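Just so it is clear, the structure is predicted and the values come from calculations on it, not from any experiment.
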Amino acid sequence: IKYWCQSMNNNDKEKWIRDNEQILENLKQIDKNESAMLIIRHSERFEIEDFDSVVNAGLTERGKSIAVKFGKELPIDKKIRFFSSPIQRCIDTADLIKQGICENPDAVKNGFNIDDHKNHLMLVLQGPIGDWWQISQMFGYSNHMPTVGKWIFGHYSPAIFEPFNQYVMRLAYFIFSHHQQAKEPVLDIISTHDVTIMSLLIGLLGTLDKFEWVGFFGGFIMQLKEKSILIIKDKEKIEIPFPYWWPVSNIIEKDRVVP
């Protein structure tokens, strides 16, 4: 599939740092009275070479320092809540962002309150117990694109891969159901993985056109409007109607049933 040839090399350090800086700029443009969700990949990690490092690869020193810097520069005009995949590098990324917020003089001065509860959402790709080894072998450690393309179009048994559409619906349900619980404007930061972010973007936008693999600390912002979803990625804003399966459909259009 030609679109996968546009995949970004994780070693393009300057690009992923620029992408991260654009996320900060986009967050600063959001009204303080509006809630938003930031779906972001963990910061820079060590290279993955085998199955063990798929799960256990930690953050580099560069990745740690950039996560702290990101936290220092976050706008602090609303409550910030943190969620993460249970994989340690995602938890560490969230904790380092929190550390950066706590080092922001304005946050300290104003007594800014961080929701410090760790919510480890199961946002990683899930299949039956014991299949992580098979999944990692199919993905390989350098070129994911052929496997991902086949996964999206249903070439793999559910006994190996959780089906793509099911995964996207599960992600959307978990993310929205927690976001909905907020009683005031919030910024929900979800620290997760490239496959998670890629799946949400493709599943919500319904296209592979102009898609690039998400680099370290890359991601997108999402806001729920009355009858649509606003996606803010790079310098582009895309507003799309709710998919029929989106959880909020049960609230807005009572005749729709979400699986």
Side-chain angles (χ1 to χ4, degrees), residues 18-41 67 69-84 93-94 97-98 100-102 104-119 121 123 168-169 171-192 196-197 199-201 203-206 214 217-254 256 258:
R18 289 196 304 272
D19 290 347
N20 187 253
E21 291 171 348
Q22 184 62 53
I23 289 173
L24 278 171
E25 289 303 312
N26 290 341
L27 286 172
K28 292 173 182 177
Q29 301 304 314
I30 295 175
D31 189 280
K32 66 180 181 179
N33 296 314
E34 294 182 356
S35 290
M37 292 160 278
L38 171 60
I39 321 296
I40 195 167
R41 187 183 178 190
K69 181 176 182 292
F70 181 84
K72 286 182 181 180
E73 298 179 4
L74 270 176
I76 53 170
D77 56 358
K78 57 177 67 73
K79 184 177 183 178
I80 299 178
R81 306 189 305 176
F82 288 87
F83 303 86
S84 79
T93 296
I97 295 173
K98 293 177 192 176
I101 294 172
C102 293
N104 181 331
D106 290 334
V108 175
K109 178 181 177 181
N110 297 323
F112 186 75
N113 184 26
I114 301 172
D115 186 343
D116 200 39
H117 180 65
K118 292 183 179 179
N119 300 278
L121 300 182
L123 301 185
V168 172
M169 286 189 276
L171 295 178
Y173 173 77
F174 276 124
I175 291 171
F176 174 73
S177 62
H178 284 80
H179 190 65
Q180 187 185 31
Q181 294 173 11
K183 305 300 183 184
E184 58 186 312
V186 296
L187 172 62
D188 283 342
I189 297 178
I190 296 99
S191 173
T192 185
T196 302
I197 297 168
S199 299
L200 274 173
L201 281 174
L204 293 176
L205 296 177
V214 179
F217 226 12
F220 68 98
I221 299 164
M222 183 163 60
Q223 289 186 282
L224 301 183
K225 302 299 184 179
E226 183 179 357
K227 292 190 176 183
S228 62
I229 303 168
L230 178 63
I231 292 175
I232 306 172
K233 188 177 186 302
D234 302 324
K235 296 183 179 181
E236 188 173 7
K237 294 183 178 181
I238 307 170
E239 193 160 357
I240 58 174
F242 289 115
Y244 80 92
W245 46 259
W246 185 256
V248 79
S249 299
N250 274 343
I251 300 172
I252 295 176
E253 299 181 37
K254 300 295 184 182
R256 292 189 174 184
V258 176

**Student:** Taking side chain to side chain contact (heavy atoms under 4.5 Å, CB included) as the definition, give me every residue that meets it alongside E25, ordered by chain and number, with sequence neighbours left out.
**Tutor:**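 Counting only residues at least two positions away or on another chain, E25 forms a side chain to side chain contact (heavy atoms under 4.5 Å, CB included) with Q22, K28.
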**Student:** Can you name the closest pair of heavy atoms from H178 and F83 and give their distance?
**Tutor:** CD2-CE2, 3.6 Å
**Student:** Hey, what do you get for CD1 (I80) to CD1 (I101), rounding to the nearest 0.5 Å?
**Tutor:**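 Nearest 0.5 Å value for the CD1-CD1 distance: 4.0 Å.
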**Student:** How close do K227 and F242 get, heavy atom to heavy atom, and via which atoms?
**Tutor:** C-CE1, 3.3 Å
**Student:** Which residue is it: I221, D77, I76, L38? I am looking for the one with a side chain to side chain contact (heavy atoms under 4.5 Å, CB included) to L187.
**Tutor:** L38
**Student:** Determine, stepwise, if the pair I189 / L74 fulfils side-chain contact (heavy atoms from CB on, under 4.5 Å).
**Tutor:** CA-CA 11 Å; I189 297 178; L74 270 176; 3.8 Å; yes
**Student:** How many angstroms lie between atom CE of M169 and atom OG of S199, to the nearest 0.5 angstrom?
**Tutor:**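 Spacing of CE (M169) from OG (S199) equals 12.5 Å.
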**Student:** side-chain contact (heavy atoms from CB on, under 4.5 Å) for L224 and I229? Distances and angles first, verdict last.
**Tutor:** CA-CA 5 Å; L224 301 183; I229 303 168; 4.1 Å; yes
**Student:** Which heavy-atom pair separates H179 from A36 by the least distance, and what is that distance?
**Tutor:** CE1-O, 3.5 Å
**Student:** With sequence neighbours left out, write down each residue that passes ring-ring contact (aromatic ring centres under 6.0 Å, His included) with F220, or none if nothing qualifies.
**Tutor:** none
**Student:** Just verifying a value: how many Å separate I175 CD1 and T192 OG1, rounded to the nearest 0.5 Å?
**Tutor:** 7.5 Å
**Student:** Drop me the distance from N104's CG to D106's CG, to the nearest 0.5 angstrom.
**Tutor:**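 These two atoms lie 5.0 Å from each other.
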**Student:** Can you confirm whether I39 sits close enough to L171 that some side-chain heavy atom of one is under 4.5 Å from a side-chain heavy atom of the other?
**Tutor:** no
**Student:** D234 side chain to E236 main-chain N or O, any donor-acceptor pair under 3.5 Å?
**Tutor:** no
**Student:** Using a 4.5 Å cut-off on heavy atoms from C-beta on, say whether the side chain of F70 contacts that of T93.
**Tutor:** no
**Student:** Is there a side-chain contact between N20 and I40, using heavy atoms and a 4.5 Å cut-off?
**Tutor:**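 Yes, close enough: below the 4.5 Å cut-off.
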**Student:** Side chain of E34, backbone of P185: donor and acceptor closer than 3.5 Å?
**Tutor:** no
**Student:** With salt bridge (charged side-chain N to carboxylate O under 4.0 Å, His left out) as the rule and sequence neighbours excluded, what pairs involving residues 172-188 come up?
**Tutor:** R81-D188
**Student:** Taking atom CG of L204 and atom CD1 of I240, what is their separation to the nearest 0.5 Å?
**Tutor:**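 Reported value, rounded in 0.5 Å steps: 5.0 Å.
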**Student:** Please report the shortest heavy-atom distance between V168 and G203, naming the atom on each side.
**Tutor:** CG1-CA, 4.0 Å
**Student:** When you compare the side chain of I30 with that of K78, does any pair of heavy atoms fall below 4.5 Å?
**Tutor:** yes
**Student:** Atom CG of N26 and atom CD1 of I232: how far apart are they, to the nearest 0.5 Å?
**Tutor:** 6.0 Å
**Student:** Do K233 and I238 come close enough that some side-chain heavy atom pair is under 4.5 Å?
**Tutor:**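 No; the side chains remain at least 4.5 Å from each other.
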